[in-house]
Amino acid sequence: MLDIRFVRENIDFVQKKLAERGQDIDLGRFSRLDQERRDILKEVETLRGERNTVSKEVGQRKKQKEDASDLISKMGAVSARIKELDESLKETEALFDEFLMTIPNVPHESVVSGTDSADNPVVREWGEKPVFTFEPKPHWETGEFLKVLDFAEGAKIAGARFTLYRGLGARLERALINFMVDLHAVEHGYTEVLPPFMVNSDSMRGTGQLPKFEEDLFKIEGTDYYLIPTAEVPVTNIHRGEILDEKDLPVYYVAYTPCFRAEAGSYGKDTRGLIRQHQFNKVEMVKFSRPDTSYDELEKLTANAEEVLERLNIHFRTVDLCTGDLGFSAAKTYDIEVWMPGQDAYREISSCSNFEDFQARRAEIRFRREESGKVEFVHTLNGSGLAVGRTVVAILENYQQEDGSVIIPEALIPYMNGVDRITPAV
RNA sequence: GGAGAGAUGGCUGAGCGGCUGAAAGCGAUCGCCUGCUAAGCGAUUGUACGCCCAAAAAGGUGUACCGGGGGUUCGAAUCCCCCUCUCUCCGCCA
């Protein structure tokens with residue numbers, strides 16, 4: 001959610017910034033509703049003030065055993081009017097809030113203007129594409145060949161976009177989770193948390209999934225519970241409604257969770273393999289930062305995510321999302337795209353964003369300045385570190401051998417109980 | 001799932017129709033005192049929004065907020081209804 005006062009005072013600037021995102025949002029509606037709301041507020045508050053004063057006098061008179069019936073009947077009318085105004089205020093505010101909730105964040109000034117992913121500048125590349133003496137296969141072929149991924153069974157058990165991992169495939173997934181969480185928790189100073197995998201609608205609102213993106217979520221029928229689409233939701237909401245101490249900032253969390261996504265509107269896209277699933281595992285990093293350091297924190301966060309691939313020795317590049325490709329709540333995002341030789345393409349494996357105070361304002365996450373005692377919104381950040389299923393894909397494709405076996409990256413061998421290669425099951 | 005008890009400021013905890021944005025204590029901050037520490041003394045100590053003033057900060061003023069929502073009343077932290085959460089006991093259960 002944007003700052004109402006900021007939008008009010010910089011309406012042309014905001015309109016222009018949103019246009020760069022490719023969003024055609026009528027901020028005239030904002031101004032009209034804002035004005036209407038303030039007009040009602042002014043009137044109702046004046047009346048309330050009057051009622052408070054007179055009611056006090058009623059109390060005084062009663063105490064003196066004097067008659068107050070003239071005041072009481074007068075205030076009856078005032079109260080009725082207040083009730084009327086309250087109702088229209090509620091309506092206007094509901095419209096206003098609903099509208100505000102649909103306005104995306106303003107991109108940071110460093111974000112380049114562009115229409116889609118083709119315009120994202122590459123800011124870094126690491127490593128090199130592996131050279132194969134044979135035609136590298138996509139992971140759905142190596143995975144099935146090695147009997148570590150079973151798409152048919154996944155479909156039978158649940159449906160399309162679900163996969164059954166078997167044997168060393170299941171172990172590889174689990175090894176990656178532990179490897180990633182350990183790296184961030186032990187070496188990068190993040191506090192490990194294991195949150196609920198379902199959250200209530202207040203939490204979904206706090207991080208911006210609701211009200212706009214309900215169709216992307218799985219909801220538990222007959223309850224207020226939603227399956228989380230990312231650990232960002234439960235973890236960012238840890239501090240919802242809180243005022244943190246400045247000395248505790250920045251706060252770092254790392255969490256492993258499964259993620260559940262309805263993938264509405266992506267039918268026909270990435271139907272093969274593990275790339276786009278209804279359920280996948282992810283290790284997520286979340287930060288709460290002071291506003292003045294949040295962009296440094298974003299750089300560090302992105303570096304922490306990149307380090308996972310560096311340790312696994314897999315080629316990737318990092319792109320800076322342009323205005324047209326930026327997510328709803330983000331002010332700036334780096335995507336890490338890993339090289340997938342079997343698909344001859346780079347695929348997103350991590351997305352690291354600074355939301356500035358956009359989520360903090362919705363979720364009311366603030367901190368108190370030590371110096372002045374003033375309360376301000378924190379900046380929230382998060383990034384995948386990494387998407388686990390896609391990392392399995394990257395290993396299966398980058399480390400495949402001509403005989404169809406797959407070598408386990410050095411750094412993972414301890415997590416695989418010493419297994420250094422997946423060979424075809426006999 | 002059943003029965004009961006609760007939810008008040010950073011924390012503990014009073015209040016149970018008007019004098020309560022809220023006692024008291026703790027904590028915190030500032031000042032005094034002090035060889036140092038401790039103790040002591042004094043002051044300050046919520047958030048949001050509107051309006052006034054203003055370049056801004058500060059300030060002034062109004063309104064709202066005592067788990068959430070609704071109701072009764074001239075007036076609600078206080079009375080009534082619904083919901084959520086916490087605790088205790090019983091049942092069930094990995």
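Small disclaimer: the values here were computed from a predicted structure and weren't measured.
At a threshold of 4.0 angstrom between heavy atoms, the contacts of Leu41(A) are confined to the sugar-phosphate backbone, with no base atom among them. As judged by a 4.0 angstrom heavy-atom cut-off over every strand, Arg368(A) is placed among residues touching the sugar-phosphate backbone only. Within the nucleic acid shown, Val58(A) comes within 4.0 Å of at least one base atom, counting heavy atoms only. If you check every strand for non-hydrogen atoms under 4.0 Å, Arg8(A) touches sugar and phosphate atoms only. Counting any heavy atom pair closer than 4.0 Å across all strands shown, Lys62(A) reaches a base atom. Heavy atoms of Val78(A) sit nowhere under 4.0 angstrom from any nucleic acid atom.
Put simply, CG on Asn200(A) is 16 Å from C1' on G69(B), counting in whole angstrom units. A straight line from CG of Asn52(A) to C1' of U20(B) spans 13 Å, rounded to a whole angstrom. Distance CZ (Arg5(A)) to P (A56(B)): 12 Å, rounded to an integer number of Å.
The aromatic rings of Tyr252(A) and Tyr190(A) lie tilted to each other, with the angle between the two planes from 30° to 60°.
When the side-chain hydrogen bond (donor to acceptor under 3.5 Å, both in side chains) test is applied to Glu232(A), the partners found at least two apart in sequence or on another chain are Gln359(A), Asn382(A).
In a base pair of the Watson-Crick type (N1 to N3 plus N6-O4 or O6-N4) or a G-U wobble (N1-O2 and O6-N3), with each distance short of 3.5 Å, U29(B) is matched with A43(B). In this structure U61(B) sits in a base pair with G50(B), meeting the Watson-Crick or G-U test at under 3.5 Å. Figure legend. A23(B) is base-paired to no nucleotide; pairs are counted as Watson-Crick or G-U wobble with both atom distances under 3.5 Å.
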side-chain contact (heavy atoms from CB on, under 4.5 Å) between Phe367(A) and Arg290(A), worked out:
CA-CA 8 Å; Phe367(A) 76 103; Arg290(A) 285 194 342 231; 4.1 Å; yes

Can you give the donor-acceptor pairs under 3.5 Å from side chains of residues 180-187 of chain A to other protein atoms, not counting sequence neighbours?
| residue | atom | partner | partner atom | Å |
| --- | --- | --- | --- | --- |
| Asp182(A) | OD2 | Tyr415(A) | OH | 2.7 |
| His184(A) | ND1 | His188(A) | ND1 | 3.1 |
| His184(A) | NE2 | Gly385(A) | O | 3.0 |
| Glu187(A) | OE1 | Arg311(A) | NH2 | 2.6 |
| Glu187(A) | OE2 | Arg311(A) | NH1 | 3.1 |

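For Met75(A), the side-chain atoms get nearest to C74(B) when compared with the rest of C49(B), C74(B), G70(B).
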